[in-house]
Amino acid sequence: MEYRFASKISQVKSSAVRDILKLTQGSDLISFAGGLPAEELFPVQAVREAADRVFSGGTGSLQYGLTEGYIPLREQLTERMALKGMKTSPEEMILTTGSQQAISLLVEALTDPGDVVLVEKPTYLACLQVFQLHGLRVIAAESDEFGIVPEDAERLIREHKPKLLYAVPTFGNPTGKVWTTERRKQLLELCVRYGVPVLEDDPYGEIKYDADAEYPTMFSLDQAAGGNSVIYTSTFSKTVAPALRTGWAIGDAAVIQMMAKAKQAADIHSSAIDQQILHHLLKHFPLDEHIKVISSSYGERMREMQSLLQAQAIDGLTWIEPKGGMFLWVELPEGLDAETLLKVAVKKGVAFVPGSSFYGDDPQRNTARLNFTHNKGERTRIGVERLAEAIREFTARS
Ligand code: PMP
């Protein structure tokens with residue numbers, strides 16, 4: 001049979017990151033492409049002990065669970081959110097299959113095909129896929145070193161009347177940028193004024209290299225001002241392990257209820273086993289200590305990659321040092337198209353994600369995202385050498 005696929009799925013671009021991951025699996029290619037955490041830092045023993053606790057808890061652990069998620073884990077997360085200035089209750093929270101699903105569910109709850117979503121330029125690639133799948137029009141606002149430029153956001157809001165602002169204000173993907181508190185407030189003020197809900201996606205907020213640095217979430221700023229305009233989502237993917245596929249969203253109870261309805265249709269509930277494992281893990285394992293260990297190791301890896309790149313002294317290669325997260329966003333020498341460079345780089349045995357994947361439209365082609373958390377030491381050194389060789393070969397050619 002020849003299948004006739006839906007136009008909405010045909011519109012979705014395959015993820016460049018996933019495609020590169022497929023290409024690199026099992027080969028000796030060094031990948032700076034995927035946003036993969038360091039495997040050697042996964043708390044395997046603690047997860048195993050937590051799983052043992054789940055399975056010794058009786059047959060109920062294998063039963064269907066609630067769509068909104070395992071209540072004891074929601075209670076623990078409520079406490080963790082309160083420590084970050086976000087007051088919430090288990091009724092204002094839904095556990096999801098990674099925070100990726102929280103993005104999908106909110107889009108289901110708030111938008112119809114043809115609606116507009118406002119994003120930062122550039123933005124997270126897989127959120128663009130969600131928006132494409134739902135037939136949304138993506139409009140990207142200019143962003144400088146402080147975050148989305150409010151004047152540009154206001155112009156676009158007036159012109160396109162978006163149903164949603166999607167933002168990763170703390171250690172964004174791909175740029176690693178942190179929005180200033182001032183910018184967060186300005187964007188919030190705009191969104192409240194024009195009635196645009198905000199989806200604050202915060203998978204990296206706890207991965208900060210300066211443990212004492214504080215970055216107030218937009219959710220907490222909005223709540224402190226008496227608002228309910230922000231839906232906040234985060235995940236255990238970067239702090240514990242992505243295989244557990246557990247994220248959460250908090251927000252106005254009415255929005256969470258609508259997301260739960262969409263989730264009933266999508267998958268009834270996320271893995272109850274994974275949620276129970278995380279419940280026991282949070283109870284018995286010093287997660288905050290673990291997060292400090294990961295963050296400090298990632299900070300070292302970032303500095304390592306940065307000094308290796310500096311040592312290559314490539315003319316026109318620039319970046320801003322990130323203060324957290326998992327990525328270095330580099331600008332390549334002017335005129336160098338990262339997609340073309342990638343082909344040369346893969347032949348030399350190194351991969352990265354061309355920046356163009358992170359733009360809704362009008363990409364800046366001489367940009368690339370380098371992940372520094374999955375490799376270290378020798379592999380990072382060799383990877384950077386291969387990358388530098390590819391850039392030189394390319395620039396010599398053109
Ligand atoms: N949002 C952003 C900005 C991300 O970088 C990621 C992971 N790549 C996610 C959401 C989804 O993460 P997960 O579904 O594993 O929680």
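Index from 1, following the sequence. Keep in mind that this is a model prediction, so the values were computed, not measured. Both counts, for ligands and for their atoms, begin at 1 and track the order of listing.
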Report the member of Thr123, Thr235, Asp201 with the shortest heavy-atom distance to atom 16 (O) of ligand 1.
Thr235
Under a heavy-atom criterion of less than 4.0 Å, does Pro203 contact ligand 1?
yes
Measure the shortest side-chain to side-chain distance between Ser220 and Lys87 over non-hydrogen atoms and say whether it is less than 4.5 angstrom.
no
For ligand 1, does Ser99 get within less than 4.0 Å through its side chain, its backbone, both, or neither, judged by non-hydrogen atoms?
both
Would you check whether Phe236 reaches within less than 4.0 Å of ligand 1, judged by its heavy atoms?
no
If we only count N/O pairs under 3.5 Å, is Gln100 in contact with ligand 1?
yes
Can you tell me the protein heavy atom closest to atom 7 (C) of ligand 1 and the distance?
Lys238 NZ, 3.2 Å
Taking only heavy atoms of Gly98 into account, list the atoms of ligand 1 that are under 4.0 Å away from them.
13 (P), 14 (O), 16 (O)
Would you call the rings of Phe219 and Tyr232 parallel, tilted or perpendicular, where under 30° means parallel and over 60° means perpendicular?
perpendicular
Parallel, tilted or perpendicular: ring planes of Tyr209 versus Phe171, cut at 30 and 60 degrees
parallel
Is it true that Leu341 and Ile314 fall in one hydrophobic cluster, defined by side-chain heavy atoms closer than 4.5 Å?
yes
Near Arg245, which atoms of ligand 1 are under 4.0 Å from a heavy atom of that residue?
13 (P), 14 (O), 15 (O)
Atom indices of ligand 1, in the order listed, that fall short of 4.0 Å to a heavy atom of Asn173:
3 (C), 4 (C), 5 (O)
Tell me which protein heavy atom sits closest to atom 15 (O) of ligand 1, plus the residue, atom name and distance to 0.1 Å.
Ser237 OG, 2.6 Å
Distance col, row Glu154:CD vs Ile157:CD1, nearest 0.5 angstrom, shows 7.0 Å
Indicate, as side chain, backbone, both or neither, the part of Gln101 found under 4.0 angstrom from ligand 1 when only non-hydrogen atoms are considered.
neither
Can you list, pair by pair, the side-chain donor-acceptor contacts under 3.5 Å of residues 118-127, counting residues two or more places apart and other chains?
| unit_1 | atom_1 | unit_2 | atom_2 | d |
| --- | --- | --- | --- | --- |
| Glu120 | OE1 | Trp179 | NE1 | 3.2 |
| Glu120 | OE2 | Ser143 | OG | 2.6 |
| Glu120 | OE2 | Trp179 | NE1 | 3.3 |
| Lys121 | NZ | Glu142 | OE2 | 3.2 |
| Tyr124 | OH | Gln100 | OE1 | 2.7 |

Between Glu92 and Ser89, do the side chains contain a donor N or O and an acceptor N or O under 3.5 Å apart?
yes
Kindly determine whether Arg48 and Asp52 satisfy salt bridge (Lys or Arg N to Asp or Glu O under 4.0 Å), including the steps that lead there.
CA-CA 6 Å; Arg48 175 185 291 168; Asp52 281 346; over 6 Å; no
For atom 6 (C) of ligand 1, which protein heavy atom lies nearest, and how many Å away is it?
Tyr124 OH, 3.3 Å
Suppose we measure from atom 5 (O) of ligand 1 to each protein heavy atom; which comes out shortest, and what is that distance?
Tyr204 OH, 2.6 Å
Arg183 charged N/C atom sitting above Phe146 aromatic ring, 6.0 Å / 45°:
no
Going by the 4.0 angstrom heavy-atom rule, the piece of Met326 near ligand 1 is neither
